[in-house]
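When a residue number appears, it is its place in the shown sequence, counting from 1. Computed from a prediction, not measured in an experiment: that's the story for all the values here.
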Amino acid sequence: MEPEQVDSGVLLTRFGKHTTAALSSAILAKVMALVLVKVLTSILPKSDYGAYSIWMTFIVLVSTFSTSAFSATIWRFMPHRRSSETKESASALFMTSVSGSISIILATVVLFWILNLSGMRVVDDSLYVMTLAIVGLLAILYGLKELILVVSGSEQNPREILIFNLAYSSSATVIACLVGWIFADYHIVLIGLGIGYTIPIIVSLVIKIRQYGIVAPRESDLRKSLSFGGPSILVGSVKTLVPFLTSVIVGVWIGLQAVATLSIAILLASIFSFVVGPPQTAYQAYIVNAFETGNYKKANEMATLVIEIFVFLATPIAFLMITLSPLLILLVSTQQYFDATLLIPYTVVDAVLIAFSYFWKIQLDLIERPQLTGIIYAVSAIVLAVTSVLSVPVIGLVGVGIAMVLQSGFIAIALYTLGNAALPISQKRKFWLVWFLASMILIVIFEVLVSCGIPDVLSAFISLAAYLALNGASGFLNIQRARLILSLLFSRGNNFKKPTESKT
């Protein structure tokens with residue numbers, strides 16, 4: 001059967017709505033998470049916050065490990081099952097994903113309980129077994145949240161994405177802040193997060209079950225998830241392994257207070273990741289739908305533009321995050337975390353490189369070669385571990401930053417090379433030349449102004465103005481592109497027009 005042709009304007013309208021809803025919900029969720037961090041860093045001793053941070057990275061790692069294969073499979077095949085197969089087929093994939101994810105989490109918790117009997121612990125915790133049980137429950141809730149949001153994302157259902165994210169984050173943050181302020185104990189905070197997540201997760205799960213029905217998990221879907229999505233376990237796990245592994249290494253070699261410092265640096269870098277994450281997720285849904293419906297030629301043109309916009313915007317955002325890092329630290333924590341400014345340049349660059357590589361990961365997913373991505377991420381984990389172990393005892397926290405940049409740089413170069421070879425995204429040399437020159441001017445002007453005694457904030461914004469001016473003079477910034485960006489963000493996809501080549 002020939003693929004159904006879908007008007008590119010319709011796809012772009014969905015992309016715009018999905019992007020707006022995902023970004024709005026992510027902003028709300030991130031703001032609430034930052035509020036929680038502000039409360040906890042104000043009331044908990046730094047070492048306690050370090051222990052709490054390690055447990056939270058463990059929760060994210062385990063939940064990501066359990067859902068990555070299933071999430072990738074849902075993204076790739078759920079749209080086709082809804083449109084071309086039976087309702088039971090879509091339901092089977094969802095139920096297989098839920099049962100498989102929970103099983104993996106329970107097995108992981110049991111494994112770490114056994115390791116505890118031999119003296120191997122995630123963190124030095126006086127209530128280790130009880131905390132491990134709480135953490136296991138939280139990992140299950142995190143996993144269910146991820147799967148539900150992935151299904152809604154594959155449907156390009158912006159209203160559900162917005163409501164679900166708001167419900168999850170608001171209830172968990174309010175309860176965790178309340179119990180944290182009353183008891184000043186991170187164990188109670190973990191329990192509060194679990195209580196806050198439980199009701200929204202149950203309600204959301206019931207909604208999805210009513211929508212798709214209940215079908216017994218299928219062995220064929222499990223095999224499909226492991227064969228196609230298996231490499232995504234490595235991809236997702238390595239991403240979340242970075243904060244966990246680096247925290248454990250820093251905790252062993254330097255101490256829990258240094259872990260707290262590292263967690264703030266990673267947290268601030270994650271602001272960049274969360275800003276670009278929802279648009280990239282919407283972009284993935286757009287590209288998959290275009291690929292499946294025979295509209296990939298137009299989508300490839302869109303991919304070129306989206307990547308250029310990403311690079312153009314990512315540079316000044318990363319620059320401002322680094323130069324204004326002391327102010328950002330005060331916003332999310334307290335003065336005792338000012339030492340995180342040492343690490344923020346490394347963690348921000350790491351976040352930018354990982355986000356950039358995502359575009360070419362999608363290319364490999366489209367042609368069903370995710371195993372290449374898995375291999376790249378597996379090798380990068382070795383790079384991270386070896387570099388961290390060798391450098392942290394010698395140069396301290398900076399060694400972790402260097403290890404993170406080396407790992408993400410390896411991923412970006414490898415995915416760009418393989419992804420572009422397998423399914424190329426057209427590149428414009430003029431754009432990359434202008435971007436490089438503008439970036440150099442941005443940095444040089446800032447350094448010169450600071451050396452002349454001009455305050456950092458004023459120097460940063462003067463430098464940023466020069467960066468924008470050069471891009472405007474080159475023709476990259478013009479009215480057509482500005483309208484296109486706004487149309488995507490505000491769901492006016494029908495107005496899509498290809499930018500005039502002579503101006504770019």
S.K.: Please test F359 against F310 for ring pair (Phe, Tyr, Trp, His ring centres under 6.0 Å), starting from the C-alpha separation and ending with a verdict.
M.R.: CA-CA 10 Å; F359 293 104; F310 167 82; 5.4 Å; yes

S.K.: Just one of L353, D350, I402, T387 clears the side chain to side chain contact (heavy atoms under 4.5 Å, CB included) bar with Q407, so which one?
M.R.: D350

S.K.: When you measure from the side chain of T315 to the backbone N and O of F312, does any donor-acceptor pair fall under 3.5 Å?
M.R.: no

S.K.: If we ignore hydrogens and angles and just use 3.5 Å, is the side chain of S459 paired with the main-chain N or O of I454 as donor and acceptor?
M.R.: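 Yes, S459 side chain to I454 backbone: donor-acceptor pair under 3.5 Å.
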
S.K.: Has the side chain of T347 got a donor or acceptor atom that lies under 3.5 Å from a matching backbone atom of A265?
M.R.: yes

S.K.: Rounded to the nearest 0.5 Å, how far does NZ of K224 lie from CG of L93?
M.R.: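 Answer rounded to 0.5 Å: 10.5 Å.
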
S.K.: Would a distance-only check, ignoring hydrogens and angles, find a side-chain to backbone donor-acceptor pair under 3.5 Å from N420 to I425?
M.R.: yes

S.K.: Please check: side-chain N/O of S63 versus main-chain N/O of G143, any donor-acceptor pairing under 3.5 Å?
M.R.: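 Between the backbone of G143 and the side chain of S63 there is no qualifying donor-acceptor contact (under 3.5 Å).
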
S.K.: Can a donor-acceptor pair be found, under 3.5 Å and without considering hydrogens, that links the side chain of S408 to the backbone of V405?
M.R.: yes

S.K.: To check you understand the geometry: which heavy-atom pair defines the closest contact between D221 and S89, and what is its length?
M.R.: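 Minimum heavy-atom separation between D221 and S89: OD2-O, 4.4 Å.
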
S.K.: Checking S71 side chain against S68 main chain: does a donor-acceptor pair fall under 3.5 Å?
M.R.: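 The answer is no, because no donor-acceptor pair under 3.5 Å joins these two groups.
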
S.K.: Could you tell me if the side chain of T304 sits less than 4.5 Å from the side chain of E308, heavy atoms only?
M.R.: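 A side-chain contact under 4.5 Å exists here.
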
S.K.: What's the separation between atom OG in S91 and atom CZ in R218, rounded to the nearest 0.5 Å?
M.R.: 8.5 Å

S.K.: Of the non-hydrogen atoms in I264 and S333, which two are nearest, and what is the gap between them?
M.R.: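 It is CD1-CB, 4.1 Å.
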
S.K.: Could you tell me whether Y467 and F319 have their ring centroids closer than 6.0 angstrom?
M.R.: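 For Y467 and F319, the ring centres are not under 6.0 Å apart.
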
S.K.: Might you point out which heavy atoms bring A412 and S357 nearest each other, and give the distance in Å?
M.R.: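 That closest heavy-atom pairing would be CA-CB, 3.6 Å.
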
S.K.: Please round to the nearest 0.5 Å and tell me the distance separating atom CG of L320 and atom CZ of F272.
M.R.: 12.0 Å

S.K.: Between Y168 and I148, what is the shortest heavy-atom contact and its length?
M.R.: OH-CG2, 3.7 Å

S.K.: To the nearest 0.5 Å, what is the distance between OG1 on T246 and CG on L241?
M.R.: 8.5 Å

S.K.: Look only at the side chain of S152 and the backbone of L149, and say whether a donor-acceptor pair between them is shorter than 3.5 Å.
M.R.: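 No, the answer is negative, given that no donor and acceptor are paired below the 3.5 Å cut-off.
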
S.K.: Any sub-3.5 Å donor-acceptor pair from S101's side-chain atoms to S97's backbone N or O?
M.R.: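 No.
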
